[in-house]
Amino acid sequence: MMVSIVAGKEKKSPAPAPFYEALRKALKKRKLKIETICPPTDVVARRILEEYGAIFLTAKKAAPPPVCVFTAEEQVTRFQEAAGFTTEIIADAEIELQPGAMKALLKARAEAQKENLDITPRGGAEAARRNYEDSLRLWDTRFLPALDYWLGQGKLTAEQVSRLRNLPLQDQVAEVLELEKSGLFFSKDVSKSILYSIAAPGTSQHIAMLALDVTEFDNPRVREILAKHGWFQTVLSDLPHFTFLGLKEKDLPKHGLKRVVVDGQIFWIPNVGDPTSIKAN
Ligand SMILES: [Zn+2]
């Protein structure tokens with residue numbers, strides 16, 4: 001157990017609880033086990049849990065996904081129907097989110113607008129709910145160009161490229177993460193892990209309908225308003241991406257998240273030791 005340190009009258013922010021410990025507690029309340037949502041033997045699923053896992057700590061009023069990695073459209077549809085979602089038109093885009101997340105977003109937006117600011121979806125409807133097929137297509141928008149790039153650089157052979165293209169999806173993800181260990185990154189600008197650019201297929205927080213890509217992410221006041229309403233940046237280096245946790249910012253450390261500041265932006269990520277090498281962009 002982590003003990004929060006209170007020195008005199010001045011209350012220091014408590015040391016973050018270990019992620020796995022906090023996660024186990026959070027899942028127990030939902031009668032779930034880590035082993036069920038994310039098998040310990042599945043290295044890729046575990047890596048994904050440690051990158052995107054904040055979503056599993058979402059407040060009671062929202063429903064986290066039942067698995068770390070969805071593997072079929074039908075499974076996604078079933079989850080999305082059970083969790084439920086509402087639709088709003090925001091800046092001409094049809095936005096679909098879980099009801100609790102939507103309610104908080106609309107409150108945040110109203111508050112922003114009072115200050116002559118706004119909170120709008122970045123890139124249309126895809127800024128919010130996505131299905132399995134979307135996650136596959138988006139993976140390819142990073143995976144395929146990066147293959148061509150590394151082929152052009154002579155770092156991959158034509159045979160390797162063709163083999164990678166034809167691998168079963170799960171193996172493809174595993175091998176991409178393996179290649180990244182030797183510096184062959186697959187993000188859009190090939191400078192960082194593909195996981196900070198696009199989610200692995202079947203894993204997006206957008207599938208959970210608890211994420212929104214925000215046009216105005218660059219504005220510190222907008223980020224502050226979103227945080228006040230339970231929306232936080234939880235995926236390192238994915239700057240426009242916000243996650244609905246429905247928790248107070250001061251409580252995030254005890255929920256197993258640690259605060260990391262990159263380029264002046266605050267990220268709340270699973271507290272599992274040092275984050276993997278990040279190149280700030
Ligand atoms: Zn996103």
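We count ligands from 1, going down the list as the structure has it; atoms in each ligand are counted the same way.
- For Phe267, there are no ring-ring contact (aromatic ring centres under 6.0 Å, His included) partners, not counting sequence neighbours.
- A salt bridge links Glu126 to Arg137: one of the charged nitrogens lies within less than 4.0 Å of a carboxylate oxygen.
- Using modelled atom types and a 3.5 Å distance limit, the side chains of Tyr132 and Glu74 yield no donor-acceptor pair.
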I'd like a table of donor-acceptor pairs (distance under 3.5 Å, sequence neighbours excluded) in which one partner is a side-chain atom from residues 57-67, with atom names and distances.
from, atom 1, to, atom 2, distance (Å)
Thr58, OG1, Phe244, O, 3.2

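- Ion pairing of Glu111 with Arg221 is present here, as a side-chain N (NZ or NE/NH1/NH2) and a carboxylate O approach within less than 4.0 Å.
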Donor-acceptor pairs are to be reported for all side-chain atoms of residues 141-155 against protein atoms at under 3.5 Å, with residues two or more places apart or in another chain.
from, atom 1, to, atom 2, distance (Å)
Thr141, OG1, Leu138, O, 2.5
Arg142, NE, Ser197, OG, 2.8
Trp150, NE1, Phe185, O, 2.8

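- Only protein atoms were considered; those of element N, O or S under 2.8 Å from the Zn ion (ligand 1) number 3.
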